[in-house]
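A short worksheet on the structure shown next.
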Amino acid sequence: MRRKIVAGNWKMNLTRSEAKKLFEEVANLKSDLSCDVYQFVPSLFIADLLDAHLSSPVIGAQNAHPKSNGAFTGEISMHQLKDMGVKAILIGHSERRHFFGETNEFLKEKVDAAISEGLTLFFCCGESLEQRENGNHEQVVISQLKASLFHLPEKDFTNVVIAYEPVWAIGTGKTASSGQANEMHSAIRSAVAGNYSIEVAEKTSILYGGSCKPSNAKELFSKEHIDGGLIGGASLKAEEFEGIINAWK
Ligand code: PEP
C-alpha cells in the first residue's frame, strides 16, 4: 500500500501569530485523518511550531542548503533543520528552479544531503506550458528525475515522495485534468520501475500539485496513480485544507 499524503506549502506567507493559529487549526481537525498530513512552513516559524510537540501535521522545510555548515550567508542547512527536529524537505519546487536558478546538479546535491540527514524528501518536478504544448512534457519530467533523483540507491528511495507539479498550474487557478495528471503519474511510476523495480514503484507516493482545491481534489485523488496532493494557496486556510484532506474519505 502506498502512503496517501496531503501536504501544504505555505511559501512566503503568514506572520508568526497567523502561522501558529493555522498550524493549531490543522492539528485540531476533527476529521478522521485518512492520510498523512505535512506542512512545509517558512523556516522562521519552525521552532515555534515544533514547540507544540505534535506528531501531525509533520513539519517540513521549504528549502535548505546541501552543505552542513560553512560560509553561506543567509542560508540554513539540512543538518541544522534535522537538529531542530524537522522531518521533511521540499526539493526542486519550480519557484526555486525558476526564481533562484537552482539547477539539476544543485538539486542532486540537495537530494544527497536530505538522505544523509534522514529527512523525507518531497522531490518536485513539472513542465512549463510551452513544453506541454510542444508535447515534451513527459520527457522533461523524466529527465528532471534522472538528473537529480535516480542516482539514489534503491534503499534510500523509501525516503522519497515525488510531487508532479505542472508549472502552468501552480498558483494560476488552472488545474491539470485528472486524466492529464494520472497519465504523467503513470509515466513517472514506470520510470521509477525502470530505474529501480516494480516493487519500489508500487511503494512510491506520487502527489499532484497545481491549483488543487476541495472542489477538484476528490476527482484527482480517485485516479490510480495519484497518491495525494502538494497544496499551495489552499493550504493557507484551514477549512480549505481540510476539504482536501477529506477528499480521501
Ligand atoms: C505549490 O506551489 O506547490 C502549489 C501547488 O501551489 P498552488 O496550489 O497554489 O497552485
Side-chain angles (χ1 to χ4, degrees), residues 4-14 18-19 22-23 26 35-43 45 57-64 88-102 107 110-111 114 119-129 131-132 137 140-141 144-145 148-149 160-178 180-182 184-185 188 205-221 223 225-248:
K4 295 171 181 148
I5 298 172
V6 173
N9 172 13
W10 294 358
K11 310 195 184 186
M12 195 177 69
N13 289 302
L14 307 177
E18 287 166 346
L22 176 59
F23 191 76
V26 173
C35 61
D36 295 342
V37 179
Y38 285 73
Q39 299 280 53
F40 289 92
V41 305
S43 294
F45 304 141
V58 179
I59 297 177
Q62 298 169 18
N63 181 40
I89 179 88
L90 276 187
I91 297 178
H93 192 282
S94 66
E95 287 153 17
R96 300 290 324 166
R97 292 177 190 262
H98 299 134
F99 300 148
F100 300 97
E102 295 194 358
L107 297 178
K110 287 188 169 197
V111 164
L119 299 172
T120 298
L121 70 95
F122 283 54
F123 186 86
C124 306
C125 52
E127 81 286 357
S128 66
L129 185 58
Q131 289 163 334
R132 177 159 283 267
H137 44 292
V140 166
V141 166
Q144 289 171 343
L145 299 174
S148 310
L149 189 65
V160 173
V161 173
I162 297 175
Y164 166 58
E165 301 204 301
V167 179
W168 47 272
I170 296 181
T172 58
K174 286 186 197 153
T175 317
S177 69
S178 58
Q180 284 174 317
N182 194 52
M184 181 64 87
H185 285 220
I188 292 172
S205 296
I206 307 176
L207 313 185
Y208 168 77
S211 301
C212 183
K213 36 192 183 270
S215 58
N216 57 27
K218 211 173 183 70
E219 165 65 18
L220 285 159
F221 297 176
K223 295 292 176 189
H225 293 288
I226 302 183
D227 305 309
L230 179 57
I231 319 299
S235 71
L236 295 170
K237 292 209 174 94
E239 61 282 9
E240 284 198 34
F241 196 57
E242 182 176 19
I244 296 173
I245 291 170
N246 285 340
W248 275 122

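In listed order, ligands and their atoms are each counted from 1.
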Next on the checklist: So, 4.0 Å and heavy atoms of His93: is ligand 1 close enough to count as a contact?
Outcome noted: yes
Checklist outcome for this item: Counting heavy atoms under 4.0 Å, the part of Asn9 that contacts ligand 1 is side chain
Next on the checklist: Can you name the atoms of ligand 1, numbered from 1 with element, that are less than 4.0 Å from a heavy atom of Gly210?
Outcome noted: 5 (C), 10 (O)
Next on the checklist: Within the structure provided, determine whether Ser128 and Trp168 are in side-chain contact (heavy-atom separation under 4.5 Å).
Outcome noted: no
Checklist entry - For ligand 1, is there an atom lying under 4.0 Å from some heavy atom of Ser94? => result no
Next on the checklist: If you measure every N or O of Ala234 against every N or O of ligand 1, does any of those distances drop under 3.5 Å?
Outcome noted: no
Checklist entry - Do Phe45 and Phe23 have their ring centres less than 6.0 Å from each other? => result no
Checklist entry - Is a donor on one side and an acceptor on the other found under 3.5 Å between the side chain of Arg132 and the backbone of His137? => result no
Item to check | Identity and distance of the protein heavy atom lying nearest atom 8 (O) of ligand 1 | outcome: Gly232 N, 2.8 Å
Checklist entry - Taking only heavy atoms of Gly209, which atoms of ligand 1 are found under 4.0 Å from at least one of them? => result 5 (C)
Checklist entry - Quick one: are Ile206 and Met184 in side-chain contact, heavy atoms under 4.5 Å? => result no
Checklist entry - In ligand 1, which numbered atoms sit nearer than 4.0 Å to a non-hydrogen atom of Gly233? => result 7 (P), 8 (O), 9 (O)
Checklist outcome for this item: Checking heavy-atom distances from atom 3 (O) of ligand 1 to each of Lys11, Glu165, Lys213, the winner is Glu165
Item to check | Any Gly171 heavy atom less than 4.0 Å to ligand 1 | outcome: yes
Checklist entry - Do Ile245 and Cys35 have side-chain heavy atoms sitting under 4.5 Å apart? => result yes
Checklist entry - Should Cys212 be counted as touching ligand 1, given the test is an N or O pair under 3.5 Å? => result no
Checklist entry - Phe40 vs Phe122 aromatic rings, parallel, tilted or perpendicular, using cut-offs 30° and 60°? => result perpendicular
Checklist entry - Which ligand 1 atoms, with their elements, are less than 4.0 angstrom from a heavy-atom of Ala169? => result 10 (O)
Next on the checklist: So that I can tick it off, tell me whether Arg96 and Glu102 are bridged by a salt bridge, with the cut-off set at under 4.0 angstrom between side-chain N and carboxylate O.
Outcome noted: yes
Checklist entry - Salt bridge check: are Lys213 and Glu240 linked by an N-O gap of less than 4.0 Å? => result no
